[in-house]
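Residues: numbered from 1 along the sequence shown. Atoms within each ligand, like the ligands themselves, are counted from 1 in listed order.
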Amino acid sequence: MNELCQLTIHEAHELLKRRGISSVELTKATLKRVDELESKVHACVTITEDIALKAAEKVDNYIKTSNEITPLTGIPTLIKDVICTKGIRTTCSSKMLENFIPPYNATVIEKLKAQKAVIIGKTNMDEFAMGSSTEHSAFFPTHNPWDLSRVPGGSSGGSAVGIATDEAIYALGSDTGGSIRQPAGFCSVVGLKPTYGRVSRFGLVAFASSLDQIGPITKDVTDCALVMNAIAGYDPRDSTSVPYPVPDYTRQLIPDLKGLRIGIPQEYFVEGMQKEVRAALELAIGKLQELGAEIDWEAHLPHTKYALAAYYILAPSEASANLARYDGVKYGFSHQNASNVIETTEKTRQFGFGPEVKRRIMLGTYALSAGYYDAYYLKAQKVRTLIKQEFDQAFQKYDALVAPTSPTTAFKLGEKLEDPMQMYLSDVCTLPINIAGIPAISIPAGFANGLPIGMQIMGKPFDEETLLHIAFAYEQATDWHKRKPPL
Ligand code: GLN
């Protein structure tokens, strides 16, 4: 394999700055890697080779005359196909949007472009981000590079695989209930779900608006901080984005954890979790202690057990409203063989949506209907408040909480496809974080039988810095993140 595509953002940046490499060379190296591997892993829905090379050439011309190069300048990236890219097909891995070319960029894309980032493609995902395995893509499943017979996790499976395989230097994903962290854990890369409101959702195709956030998927923690520096911040075009100042997320990247109090919530070590995952987590937490953190092994968040049930009322309810826009009239797929408008809409949805999306729309419509609203939706909202309050209380005692990202390592393709409940259960450890709106990061923390294990660090609202600090210290003391899949 060529070495260039293995670089991290900070390594590539140093080389670009010194003019040791050009952006065109770096971009070509990643495109070559895409070319070599896509037939095995299927991480990408669209590859934008021409656009990328043109952008890289422009960057190289710019670098020749300017010393103002920012950390993402000239660096190739992959974008989850749920984030709108002007002029580049944005499908959400759905037949409904198979030929949809957005007329505008998401705010995060504008921000990357302001740094002269180079977009090399759009990544595969579960249709409309509904799923945990990237098998619900309407096009093809993505394969886990650590074992091609297994899933990469989801819904941002394509982005996580793209980074684990060095097809790009970094990627963006979105996380509604775990979709950045769970695939990051399954693929041994770093994935951060920011605090709700920290990163603009403008141009992120909506799944469940009160839970969705965009975040980085990277090869190491420093890169994660650099991408956060680029994408975080208030956006007047997203009324839920919060006007807090954006810190320099690299500021707290220090290798020592003295003075930090970390709680280990017992409820996250669920019954039925894989014993190797538990063992790896215990070792990793021991490492945090060696690094100076004060560990409380007996933290408790008793309402955690209701999070999954509440999520599968709230997320489908919001989805059922958000997906009503796909009616075969406004944009996207439109079924042509219908005799009136109602039939157009019916047939458009029948053929345009896959089975998981239909399931969510039905669940949500049911939970919101008269007579059931109080019993389901309203109740779930109350549970949501309790979960949020419980986290608030925990963070009076602890600076962060640590748990597994998932109860198991990556499962086999097809293994959970026919059993939605089993599929939903793979997110038990990540869903509560979205319900509470807090930030959490997943970092590589070991392997079992050659398959990656993720450690999840959860923090106070808008305190991504502490998560990055803990993650960085752990990363410095271990070398899980340096292992590459055997391709
Ligand atoms: N797996 C969860 C779901 O299917 C979360 C997905 C996500 O975070 N987008 O709803």
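Ligand 1 does not have Tyr424 within reach: every non-hydrogen atom of the residue lies 4.0 Å or more from it. Look at Gly178 and you'll find a heavy atom under 4.0 Å from some atom of ligand 1. For Arg360, the heavy-atom gap to ligand 1 drops under 4.0 angstrom.
Looking at heavy atoms from C-beta onward, Lys358 lies in side-chain contact with Phe353 at the 4.5 angstrom threshold.
Close N/O approach between Phe207 and ligand 1 is not found [any backbone or side-chain N/O within under 3.5 Å]. At a 3.5 angstrom cut-off on N or O pairs, Leu431 does not count as close to ligand 1. Looking at Gly177 next to ligand 1, an N or O pair under 3.5 Å apart turns up. At least one N or O atom of Thr176, backbone or side chain, sits closer than 3.5 Å to an N or O atom of ligand 1. Geometrically, ligand 1 and Asp427 share a nitrogen or oxygen pair separated by less than 3.5 Å.
Of all protein heavy atoms, the one closest to atom 7 (C) of ligand 1 is Ser179 OG, 2.4 Å.
Proximity to Ser132 (heavy-atom distance under 4.0 Å) selects the following atoms of ligand 1: 1 (N). Set against the non-hydrogen atoms of Ala129, the atoms of ligand 1 under 4.0 Å away are 6 (C), 7 (C), 9 (N). Taking every non-hydrogen atom of Met130 and a distance limit under 4.0 Å, the qualifying atoms of ligand 1 come out as 4 (O). Under a 4.0 Å criterion applied to the non-hydrogen atoms of Tyr311, ligand 1 contributes the atoms 2 (C), 3 (C), 5 (C), 6 (C), 10 (O).
Checked for salt-bridge contact, Arg33 and Asp166 miss the test: no charged N lies under 4.0 Å from a carboxylate O. A salt bridge is defined here as a Lys NZ or Arg NE, NH1 or NH2 lying under 4.0 Å from an Asp or Glu carboxylate O, and Asp147 with Arg150 meets this definition.
By the 30° and 60° cut-offs, the orientation of the rings of Phe186 relative to Phe411 is perpendicular. Ring geometry, Phe462 versus Tyr244: the interplanar angle exceeds 60°, so the pair is classed perpendicular (tilted spans 30 to 60°). Below 30°, between 30° and 60°, or above 60°: for Phe395 and Phe391 the angle between ring planes is below 30°, a parallel geometry.
Looking at residues two or more places apart in sequence or on another chain, you find a ring pair (Phe, Tyr, Trp, His ring centres under 6.0 Å) between Tyr424 and Tyr312.
Contacts between Tyr312 and ligand 1 below 4.0 angstrom, taking non-hydrogen atoms only, involve the side chain exclusively. Residue contacts with ligand 1, taken as heavy atom pairs separated by less than 4.0 Å, involve Ser155 solely via side-chain atoms from C-beta onward.
Between Thr240 and Arg201, the side chains place a donor N or O and an acceptor N or O closer than 3.5 Å (distance only, hydrogens not considered). Looking at Asp81 and Thr46, their side chains never bring a donor and an acceptor atom within 3.5 Å of each other. Side chains of Ser137 and Asn124: a donor on one and an acceptor on the other come within 3.5 Å.
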